[in-house]
Amino acid sequence: MALKMVKGSIDRMFDKNLQDLVRGIRNHKEDEAKYISHCIDEIKQELKQDNIAVKANAVCKLTYLQMLGYDISWAAFNIIEVMSASKFTFKRIGYLAASQCFHEGTDVIMLTTNQIRKDLSSPNQYDTGVALTGLSCFVTPDLARDLANDIMTLMSHTKPYIRKKAVLIMYKVFLKYPESLRPAFPRLKEKLEDPDPGVQSAAVNVICELARRNPKNYLSLAPLFFKLMTSSTNNWVLIKIIKLFGALTPLEPRLGKKLIEPLTNLIHSTSAMSLLYECVNTVIAVLISLSSGMPNHSASIQLCVQKLRILIEDSDQNLKYLGLLAMSKILKTHPKSVQSHKDLILQCLDDKDESIRLRALDLLYGMVSKKNLMEIVKKLMIHVDKAEGTTYRDELLTKIIDICSQSNYQYITNFEWYISILVELTRLEGTRHGHLIAAQMLDVAIRVKAIRKFAVSQMAMLLDNAHLIASNTQRNGICEVLYAAAWICGEFSEHLEESNQTLEAMLRPKVTTLPGHIQAVYVQNMVKLYASILQQKEQVGEKEAAQEITQLMIDRLPQFVQSADLEVQER
Amino acid sequence: MIKAILIFNNHGKPRLSKFYQRYSEDTQQQIIRETFHLVSKRDENVCNFLEGGLLIGGSDNKLIYRHYATLYFVFCVDSSESELGILDLIQVFVETLDKCFENVCELDLIFHVDKVHNILAEMVMGGMVLETNMNEIVTQIDAQNKLEKSEVRLRDSIMSFNLKHDHNISMMCNLCCLSFNTILYTAACL
């Protein structure tokens, strides 16, 4: 018996702690999975021991393994045991593990209610603190309902450390158990005037988050926030309040009017870039909501645009990015103010930072005119060539088409050029916007009579080279373009020079690998084409040629009958 | 709100992962890999904001990151947070780590990730910013460290007290507590 006890203690001496585990894993790079599974077995043994220190050590190691991707939910009950340790050090380990892996689906989570309640009323503020922090990560509707009152009481605790945490966690409680908001709200409002700046900050944070979700209900607090804004010196608090005002002004334009002056003052006086940026943003939001253009407002817009230009010109990439982001908001309602900075935006298009290029792209709408459209698109096409990741390339593609087609093609002087651009775009692989290009082609061909001949010749070329495109049969892939090509050729076949060749191209066996709806269009238009060729040949009296064509059709049509697509079969 | 905080090294190995929204472990690992992929492609002098939080749902989200030596600190946030403010917060986090670990380096984070979590818990709670003042944060951490140390001393003295019920065993166990060699010696004697 005595021997067992000594052996037990000796065994515990060899327990790995967190550092040993990490070291061990680093030393077993080749057989890491096997080593870890061995460690997990050891942990399972340790969790069977009565000693809470041993259990806590095991749970600490499990938390580390969770970060590496191992599921530790099987140890949920043990984690709760460690949470109920009397020692702060162990308790903290338990709550950390819980915050990393407990969630609404954890079936033993209800067992934590009483323990958490005990910890919330502990004389040791750090026990309470650690419970609040842990709970904020795994609170469920049931836990929220059961503990709301306890947490509400803590909002008036003597220690600001506790008050701060209690106030902040109320937001999570409100999210899970909305009925708790009404009784708690008066106390929350009180905390906006708490003597401790940290508590005040937390209250502002919570109310701002609530107001973002439901701005109407918090309009009545505007005067109070106004007072705070003019009296506070804490930048974080100011930023949150100013962002909040940005969300409230669309609902209450009078509020916006009052804000312009203090915000403009802040813009002139502050040295904190973060605050300056948020002020500019909110002023923009205010000006957008005050749709009537009063004279002094244009001054404010000018001020904003001026400040934003300074941001964009800064060598700090972050400021550049944020400046562009805010400019695009002004663009929607005051495009003229942005026009004068065309040169700067175009410069940003060449920036090596992709995030900045994306922002500049957004601004291009307001920048194009008849004169510079082709030049801009040319630049964008160069980018399209260089673009690596498909998302950016896709963005570029959509943007090119958007810019060109806006306001009914207002800015395009040369439609033939536009068609050739579209054709060039079809050479891109792996894009998701094939249907966009296709739609554009169809649109232009139908509406602009003058270029139909050119369009048709381009389309015929496409059909000829269809084998290049057909390899990518993704939905909405580039092959959608073939849809447009086939349709255009069929509909405007009078412009086709080499009708025979085109017809043959449409009848090639490879066509059956295309998606069903494209094949359907092919078949339909083949017939149109066939009819028009026959007509032509009859007029000229080339009976033999007509017979050849008919033979061709009879030969090749059957392959479509076997198609899986009903549409194709029917045709 | 902050959706997630990730720290990983230049090879993508996670050094800390804190998610403020529920994801399965597999999804978490995928998010870490994809974030690393996005962030590691970036040049040194581009901006610290990445859009398209494709991973952590919603186009409302941004990735705000900073690169220090061998580590990337990444915060995934939604539009309620100020971008420049969060950049500042990352800086405060790193400076606090520096203060608490005394010239922090990657090895400190590797072997003491539990301590890093404790520090982070004083700054961000449930995805919301709790405290941004470094001195306040360090004060709380110091107080909790003191509490931890006092518990360790208490625990050691209790352990030797509990085993005193038999004089021989208690003597052997006291020797056990003292040195490794003595353990071998006592084991050999039995």
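In the text below, chain A, chain B and the rest are named by the order of the sequence lines, each starting its count at 1. Being a predicted model, the structure only gives us computed values, none of them experimental.
For chain B, the nearby part of A:E209 is the side chain; its heavy atoms alone come within less than 4.5 Å. Contact annotation for B:V129: both backbone and side-chain heavy atoms come within less than 4.5 Å of a heavy atom of chain A. Residue A:L168 touches chain B through both its backbone and its side chain, counting heavy-atom pairs closer than 4.5 Å. A:F88 touches chain B through backbone and side chain together, each having a heavy atom under 4.5 Å away. At a 4.5 Å heavy-atom cutoff, A:T63 makes no contact with chain B through either its backbone or its side chain. Contact of B:R42 with chain A is made through the side chain alone, with heavy-atom distances under 4.5 Å. Interface remark: B:Q144 contributes backbone and side-chain atoms alike to the contact with chain A (heavy atom separation under 4.5 Å). Only the side chain of A:N124 comes within less than 4.5 Å of a heavy atom in chain B; its backbone stays farther off. At a 4.5 Å heavy-atom cutoff, the contact between B:N48 and chain A is made by backbone and side-chain atoms alike. For a residue to count as touching a neighbouring chain, one of its non-hydrogen atoms must lie under 4.5 Å from one of that chain's; by this rule A:Y171 touches chain B with the side chain only. A:V206 touches chain B through backbone and side chain together, each having a heavy atom under 4.5 Å away. For A:R23, the parts lying near chain B are the backbone and the side chain together; criterion is any non-hydrogen pair under 4.5 Å. Within the 4.5 angstrom heavy-atom criterion, atoms from both the backbone and the side chain of B:S79 approach chain A. For B:E148, the parts lying under 4.5 angstrom from a heavy atom of chain A are both the backbone and the side chain. Contact annotation for A:L322: only side-chain heavy atoms (C-beta onward) come within less than 4.5 Å of a heavy atom of chain B. Of the two parts of A:L276, neither the backbone nor the side chain holds a non-hydrogen atom closer than 4.5 Å to a non-hydrogen atom of chain B. Of the atoms belonging to B:S80, heavy atoms from both backbone and side chain fall under 4.5 Å from chain A. Within the 4.5 angstrom heavy-atom criterion, only side-chain atoms of A:K240, from C-beta onward, approach chain B.
Within the 4.5 Å cutoff, the side chain of A:N205 has no heavy atoms near those of the B:L130 side chain.
Of the residues considered (B:L16, B:N118, B:V152, B:I32), B:N118 shows the highest number of contacts with chain A, using heavy-atom pairs under 4.5 Å. Options A:K172, A:E104, A:E278, A:Q100 differ in how many heavy-atom pairs under 4.5 Å they form with chain B, and the most are formed by A:Q100. By number of non-hydrogen pairs under 4.5 angstrom with chain A, the leading residue of B:K13, B:E136, B:M1 is B:M1. Each of A:S201, A:S136, A:A272 has some count of heavy-atom pairs under 4.5 Å with chain B, and the biggest count is that of A:S136.
No hydrogens or angles considered: a donor-acceptor pair under 3.5 Å links the side chains of A:Y161 and B:E122. Judged purely by distance below 3.5 Å, without hydrogens or angles, the side chains of B:Q140 and A:Y126 pair a donor atom with an acceptor atom. A donor-acceptor contact closer than 3.5 angstrom links the side chains of B:K18 and A:S99. A side-chain donor-acceptor contact under 3.5 Å links A:T89 and B:E151.
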Item to complete: Would you please test A:N235 and B:T132 for side-chain contact (heavy atoms from CB on, under 4.5 Å) and show each step?
Response: CA-CA 10 Å; A:N235 278 349; B:T132 55; over 6 Å; no

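Annotation: the span from A:L319 atom CG to B:L84 atom CG amounts to 6.0 Å, rounded to 0.5 Å. Separation of atoms CZ (A:R359) and SG (B:C47) is listed at 10.0 Å; rounding is to 0.5 Å.
The two residues A:S355 and B:L50 have their closest heavy-atom pair at OG-CD2, 4.2 Å. Nearest heavy atom pair, residue A:Y70 against residue B:E25, reads O-CG, 3.6 Å.
Scanning residues 96-115 of chain B against chain A with a 4.5 Å non-hydrogen threshold yields B:L107, B:I110, B:F111, B:H112, B:V113, B:D114, sorted by number.
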